[in-house]
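A short worksheet on the structure shown next.
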Number of protein chains: 2
Amino acid sequence: MIVLDYRDKRPIYEQVVEKMEHLIVCGGLEANSKLPSVRSLAMELSVNPNTIQRAYTQLEQDGYIYTILGRGNYVTSRNEWQTGKFEALRQDFMSLLQKARDAGMPLSDLSAIIHEVYAENEEDVTHD
Amino acid sequence: MIVLDYRDKRPIYEQVVEKMEHLIVCGGLEANSKLPSVRSLAMELSVNPNTIQRAYTQLEQDGYIYTILGRGNYVTSRNEWQTGKFEALRQDFMSLLQKARDAGMPLSDLSAIIHEVYAENEEDVTHD
DNA sequence: CGAGTGTATTAAGATGGTTAATACACTATA
DNA sequence: TATAGTGTATTAACCATCTTAATACACTCG
């Protein structure tokens, strides 16, 4: 379900959060489906249960999963986290765009990247 | 010249690198102008000279400054780091755009943000 | 020469990530 | 009711990294 990158210098719990979030956002995990238990995932990744517990706590705070005591952790439905996710992405985009503008990066470069990633969605949109 | 944010949990040397880089990229520091000495900036920020030394070493590795032994640290001219900077920004954009696409963020939202930040440069660009 | 500079080394303290060993409360099931 | 599986909490220890501290050395400039 998840593979750790040991060259990654970030904490393990952050990697678990990131990869779980990616799975959920991309639809790899259905809403209300059950996640691996704290102990089983810890066993699978050869890490301590506390580390997984910390990751799950973070995911719950971010709204991606919910917990039922004694039963397990489950995936939250999309509409519960999508608004917050969009806002976070907006913040990141603002920050990154300001850096790009300050560095003198041409608007055309950004446009090219956007159209490369959003290849399917092409219709109009990107100008006034 | 620089103000530290003590609520920021990142290492001090990272903050110094970030703020110096920002100053250089935004033109707040001219090419070939002299930076504060390791000891004087350490004094000014009330941190250890080793911490500033580490920041300057990082800035040099990233191509933003160059060092002359016994004389000081100086700002590199724009064309020496701009290409690398653009490439790094491109990488970040790709990564962020993929996340936005996966989360189902509409192209129109991105367009709005871009036009907000790149207000002056408006011409056409963002569509084919 | 002397002051200012970058650089290197070593030791110590502080913080945070991780492991480890337990313990407790809850839920589902035989 | 018992048992197993679950989330959760606590405490201690280990380790890596950031930071400070105290020095020392080589270089440049006046």
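The chains referred to below are lettered A, B, ... by the order of the sequence lines, with proteins before strands, and numbering in each begins at 1.
- A side-chain N or O of B:Gln58 and one of B:Asp62 form a donor-acceptor pair less than 3.5 Å apart.
- Between A:Ser37 and the phosphate of D:dT6, there is a side-chain N or O to OP1/OP2 separation shorter than 4.0 Å.
- Side-chain nitrogen and oxygen atoms of A:Thr51 include at least one within less than 4.0 Å of the OP1 or OP2 phosphate oxygen of C:dT19.
- Between A:Tyr74 and A:Tyr66, the two ring planes are parallel [angle under 30°; tilted spans 30° to 60°].
- Near DNA chain D, defined here as any heavy-atom distance below 4.0 Å, the residues from residues 3-23 of chain B are B:Pro11, B:Ile12, B:Tyr13, listed numerically.
- With rounding to whole Å, A:Met43 atom CE is found 14 Å from D:dT6 atom C1'.
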Working for side-chain contact (heavy atoms from CB on, under 4.5 Å), residues B:Trp81 and B:Ile24
CA-CA 10 Å; B:Trp81 48 260; B:Ile24 294 171; 4.0 Å; yes
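- Residues from residues 52-62 of chain B placing a heavy atom under 4.0 Å of any atom in DNA chain D, listed by number, are B:Arg54.
- What separates CG of A:Leu69 from P of C:dA25 is a distance of 11 Å, to the nearest Å.
- Here the P atom of nucleotide C:dG4 and the CG atom of B:Leu35 are 19 Å apart, to the nearest Å.
- Taking side-chain N and O atoms only, B:Arg71 has a distance below 4.0 Å to OP1 or OP2 of D:dC29.
- Remark on DNA chain C: of its neighbouring residues B:Pro36 and A:Ile68, the 5'-side contact belongs to B:Pro36, judged by nearest-heavy-atom nucleotide.
- Just one residue in the list B:Leu59, B:Val25, B:Ile65 forms a side chain to side chain contact (heavy atoms under 4.5 Å, CB included) with B:Met20, and that residue is B:Leu59.
- When only modelled atom types and interatomic distance are considered, B:Ser40 and B:Ser37 share a side-chain donor-acceptor pair under 3.5 Å.
- Look at OH on B:Tyr66: it is 13 Å from P on C:dG6, rounded to the nearest Å.
- Looking at heavy atoms from C-beta onward, A:Phe93 lies in side-chain contact with B:Leu96 at the 4.5 angstrom threshold.
- Put simply, the residue from B:Asn73, B:Leu35, B:Ile12, B:Leu41 that forms a side chain to side chain contact (heavy atoms under 4.5 Å, CB included) with B:Ile52 is B:Leu41.
- You'll find the side chain of B:Tyr118 stays beyond 4.5 Å of the side chain of A:Pro106, heavy atoms only.
- Looking only at distances, a side-chain donor or acceptor of A:His115 sits under 3.5 Å from a matching main-chain atom of A:Ser111.
- Atom CG in A:Asn48 sits about 16 Å away from atom P in D:dA13, given to the nearest Å.
- At whole-Å resolution of the value, CD1 in A:Ile65 and P in D:dT6 are 15 Å apart.
- For D:dA21, the OP1/OP2 oxygens have no side-chain nitrogen or oxygen of B:Asn50 closer than 4.0 Å.
- If you check distances only, the side chain of A:Arg39 does reach the base of D:dG7 with a donor-acceptor pair under 3.5 Å.
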